[in-house]
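Working notes for the structure below.
Below, chains carry the letters A, B, ... as their sequence lines are ordered, and counting in each starts from 1.
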2 protein chains.
Amino acid sequence: MLMHAAEQFRAICEEAGLAVTHQRLVIWEKLATMPGHPSPEEVYAQVKEEIPSISLATVYKTIHLFVDTGIFREASPHHGSMRVETNHEPHHHLVCRVCKSITDIPSEQLGFGGPLGDVPGGFLVERYAVDVLGICAGCRKPA
Amino acid sequence: MLMHAAEQFRAICEEAGLAVTHQRLVIWEKLATMPGHPSPEEVYAQVKEEIPSISLATVYKTIHLFVDTGIFREASPHHGSMRVETNHEPHHHLVCRVCKSITDIPSEQLGFGGPLGDVPGGFLVERYAVDVLGICAGCRKPA
DNA sequence: GTGGTTGCAAAATATTTGCACACTC
DNA sequence: GAGTGTGCAAATATTTTGCAACCAC
């Protein structure tokens, strides 16, 4: 059965143990209906239409909260600062969600090679970058 | 046959049409031998040992130059600002290297599903994020 | 010599934090 | 009422830019 958005968000917060505030509700509603991969600034602009007094800091805090509790994900698992790829061999990445470390694995080991060239939609495929997300050996131990 | 590093770099620069400077040579040498996915700050620290007067701005400029000419790659194709994933369906990304746009494609359409759970090395796999890199339909047209 | 390159300092962008007040539970 | 959440402003972090001196070709 359908739930009113506010009801649905209330349930999500209960599950995650979060307080339900007006700001969080509106940020969640906007995120849920925004297409693509919005930046915090874009979310801020949207939310501001409904809550003119909201601050950008609150949007950042709330997005982090949503990501930390699994309500939304980050589009890019490692976006912080620029990183240079020094390994010229075909390879993919093991990305630890706890310590954020990035480890290379050779392409063959993953056994993935999609088609290159044209695909439906007119996109020209040049290569694939696969991030294998999870938890590294070091972070799985109780340290 | 083996080439001295400086010789090799000279050849690379000739191919790319770049002037060979001491700074560029040292940055290139450091990058080529640094393991992992160094940040500009880390590269700067390394290069500074050899050229104490180098500036961080030069390191940034040079890294961009190397990336633009294809001498090195960026580890993360979309790292600028944080982006929130609002699409809860399993999907992957078409990333255009010209306009930086990110378009979703459903997982089935790519036909990739690797194993989840433990893999050799102790890494716990939770999910895969695939970036399909290339040029989007819009950027292929001569605009 | 000429034009591209570097270093410096300042600017622009992106994100985080401390703190007083306000609101949820 | 207790404790969490919010807004503001300042602090950090990251990356870019303008410009004069300098170096490769």
Could you give the [atom1]-to-[atom2] distance, from [X] to [N], as a whole number of Å?
X       : N      : atom1 : atom2 : answer
B:Leu25 : D:dC23 : CG    : C1'   : 15 Å
A:Asp68 : D:dG5  : CG    : P     : 13 Å
A:His64 : C:dT15 : NE2   : P     : 8 Å
A:Ile51 : C:dC23 : CD1   : C1'   : 13 Å
B:Glu41 : C:dA14 : CD    : P     : 18 Å
A:Ile63 : C:dT16 : CD1   : P     : 10 Å
B:Glu74 : D:dT15 : CD    : C1'   : 12 Å

Mind checking if A:Ser53 touches a base, just sugar-phosphate, or nothing, with heavy atoms under 4.0 Å?
sugar-phosphate
Minimum heavy-atom distance between [X] and [Y], given as atom pair plus value:
X       : Y       : answer
B:Ile27 : B:Phe66 : CG2-CE1, 4.0 Å
B:Glu29 : B:Ala5  : OE2-CB, 3.8 Å
B:Ala19 : B:Cys13 : O-SG, 4.3 Å

Please assess B:Tyr128 against A:Val130 for the test side chain to side chain contact (heavy atoms under 4.5 Å, CB included), listing each intermediate value before the final yes or no.
CA-CA 7 Å; B:Tyr128 292 87; A:Val130 179; 4.0 Å; yes
Taking OP1 and OP2 of C:dT16, is either one under 4.0 Å from a side-chain nitrogen or oxygen of A:Tyr60?
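Result: no.
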If only side-chain N and O atoms of A:His22 are considered, is one of them under 4.0 Å from the OP1 or OP2 phosphate oxygen of C:dT24?
no
For residues 34-44 of chain B, which side-chain donor-acceptor pairs fall under 3.5 Å, sequence neighbours excluded?
from	atom 1	to	atom 2	distance (Å)
B:His37	NE2	A:Glu85	OE2	3.3
B:His37	NE2	A:His93	NE2	3.2
B:His37	NE2	A:Asp104	OD1	2.8
B:Ser39	OG	B:Glu42	N	3.3
B:Glu42	OE1	B:Ser39	N	2.9
B:Tyr44	OH	B:Lys48	NZ	2.8

Overall bend of the helix from C:dG1-D:dC25 to C:dC25-D:dG1 (five pairs an end, 10° steps) is 40°
Nearest to side-chain heavy atoms of [X], which nucleotide of [options]:
X       : options                : value
A:Ile54 : C:dG7, D:dT15, D:dG7   : D:dG7
A:Lys61 : C:dT6, D:dG7, D:dT14   : D:dG7
A:Leu56 : C:dT15, D:dT15, D:dT17 : C:dT15
B:Ser55 : D:dT14, C:dC8, C:dT15  : C:dC8

Side chain to side chain contact (heavy atoms under 4.5 Å, CB included) evaluation trace for B:Leu18 with B:Ile12:
CA-CA 8 Å; B:Leu18 301 178; B:Ile12 289 172; over 6 Å; no
Filtered N/O pairs between nucleotides 3-5 of chain C and protein, under 3.5 Å:
from	atom 1	to	atom 2	distance (Å)
C:dT5	OP1	B:Arg24	NH1	2.7
C:dT5	OP1	B:Arg24	NH2	2.8
C:dT5	O5'	B:Arg24	NH2	3.2

Counting distance only, does the side-chain N/O of A:His64 pair as donor-acceptor with the main-chain N or O of A:Thr62 below 3.5 Å?
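No, A:His64 side chain to A:Thr62 backbone: no donor-acceptor pair under 3.5 Å.
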Check B:Glu126 with A:Arg97, please: is the shortest side-chain N to carboxylate O separation under 4.0 Å?
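Looking at A:Arg97 and B:Glu126, the cut-off is met.
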Check step by step if ring-ring contact (aromatic ring centres under 6.0 Å, His included) holds for A:His88 and B:Phe72.
CA-CA 8 Å; A:His88 284 206; B:Phe72 284 99; 5.3 Å; yes
